[in-house]
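Taking it in order: structure first as C-alpha cells, then the write-up.
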Amino acid sequence: MSDSIIKTKSFELVVSGVFFYKHIVSEKKEYVMSKQFLRSITSVGANVREAVNAQSKPDFIHKLAIAQKECDETMYWLELLKATDYISQEEVQKIHNQSHEVLKIIRSIIITTKKNSVNKDNT
C-alpha cells in the first residue's frame with residue numbers, strides 16, 4: 001500500500017514541479033537555479049519508480065534514499081529561489097508543502113523497511 005501512495009504522491013509532485021519550472025522560466029526568466037530544481041524534482045519521481053521495481057530490499061532502500069536526497073535538494077532550490085526574490089512565498093508554498101509531504105513519506109517507508117528487515121533477521 002505504501003509504495004502506491006508514494007508513487008502517486010511523488011508523481012503529483014513532479015507534475016506540479018514541471019509546471020512550476022515552466023512558470024519560472026517563462027515569467028521570471030530564471031534559467032540556472034530553475035533547471036537544477038527541475039532536475040532534482042524529476043529525479044524524485046524517477047527514483048521512487050525505480051524503488052517500486054527494486055530487485056531486493058537493499059536496492060529498494062537505496063533507491064528511496066536517493067529519492068529522499070533529491071526531494072530535500074528540491075526544497076533547497078525552492079528556498080534559494082525564494083531567498084533571491086525570483087519567487088514569492090505564495091508561489092513556493094504549495095510545491096514546498098508537497099515536497100515536504102513526499103519527503104516525510106519516503107523517510108517513513110525507509111525507516112519501516114529497515115525496521116522490518118532487522119525484525120525479520122532476528123526471527
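Below, each value reflects all heavy atoms present in this structure, side chains not excepted, and no hydrogens, waters or symmetry copies.
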Please give me the minimum heavy-atom distance between Glu30 and Val25, naming the atom from each residue. O-CG2, 3.6 Å
Contacts of Ser88 that satisfy side chain to side chain donor-acceptor pair (under 3.5 Å) - sequence neighbours left out: Glu90, Glu91
Please examine the side chains of Val92 and Tyr86, heavy atoms only from C-beta on, and report whether any two atoms are closer than 4.5 Å. no
Run the salt bridge (charged side-chain N to carboxylate O under 4.0 Å, His left out) test against Glu101 and tell me which residues pass, sequence neighbours left out. Lys9
Working to the nearest 0.5 Å, report the span between CD1 of Ile110 and CD1 of Ile105. 12.0 Å
For Lys7, is there any backbone N or O sitting under 3.5 Å from a side-chain donor or acceptor partner on Ser10? yes
Would you say Leu103 ends up clustered with Leu81 if hydrophobic residues are merged whenever their side chains have heavy atoms under 4.5 Å apart, either directly or through other cluster members? no
If you group Ile, Leu, Val, Met, Phe, Trp and Tyr by side-chain heavy-atom gaps below 4.5 Å, do Val15 and Val44 land in one group? no
Side-chain touch Phe37/Arg39, heavy atoms, less than 4.5 angstrom: no
Same apolar cluster (I L V M F W Y, side chains within < 4.5 Å links), Ile95/Met33: yes
Could you tell me which residues satisfy side chain to side chain donor-acceptor pair (under 3.5 Å) with Gln98, sequence neighbours excluded, listed by chain and number? Ser16
For the CG atom of Asn97 and the CD atom of Gln93, what is their distance to the nearest 0.5 Å? 4.5 Å
Name every donor-acceptor pair, under 3.5 Å, that has one atom in a side chain of residues 58-65 and the other anywhere in the protein, sequence neighbours excluded.
from: Asp59; atom 1: OD2; to: Gln55; atom 2: N; distance (Å): 3.1
from: Lys63; atom 1: NZ; to: Glu50; atom 2: OE1; distance (Å): 3.2

At their closest point, which heavy atom of Leu78 faces which heavy atom of Ile87, and how far apart are they? O-CD1, 3.7 Å
Within the supplied structure, the quantity of interest is the number of heavy atoms (other residues, nucleotides, ligands) at a distance under 6.0 Å from His23 NE2; does it exceed 12? yes
So how far is it from Ile66 CD1 to Ile106 CD1, rounded to the nearest 0.5 Å? 11.5 Å
How far does NZ of Lys94 sit from CG of Leu13, to the nearest 0.5 angstrom? 10.0 Å
Could you go through residues 68-77 and list every donor-acceptor pair under 3.5 Å that involves a side-chain atom there, pairing it with any protein atom two or more places apart or in another chain?
from: Glu73; atom 1: OE2; to: Trp77; atom 2: NE1; distance (Å): 2.9
from: Thr74; atom 1: OG1; to: Ser40; atom 2: OG; distance (Å): 2.9
from: Thr74; atom 1: OG1; to: Ile41; atom 2: N; distance (Å): 3.2
from: Thr74; atom 1: OG1; to: Glu70; atom 2: O; distance (Å): 2.9

Those residues that, when tested against His96, pass side chain to side chain donor-acceptor pair (under 3.5 Å) (two or more places apart): Glu79
Rounding to 0.5 Å, atoms CG (Asn116) and CD1 (Ile109) come to a distance of 12.0 Å
Could you state the interatomic distance from OG1 (Thr42) to OH (Tyr21), rounded to the nearest 0.5 Å? 10.5 Å
Quick check: is Val48 connected to Ile5 through a chain of hydrophobic side chains (ILVMFWY, heavy atoms under 4.5 Å apart)? yes
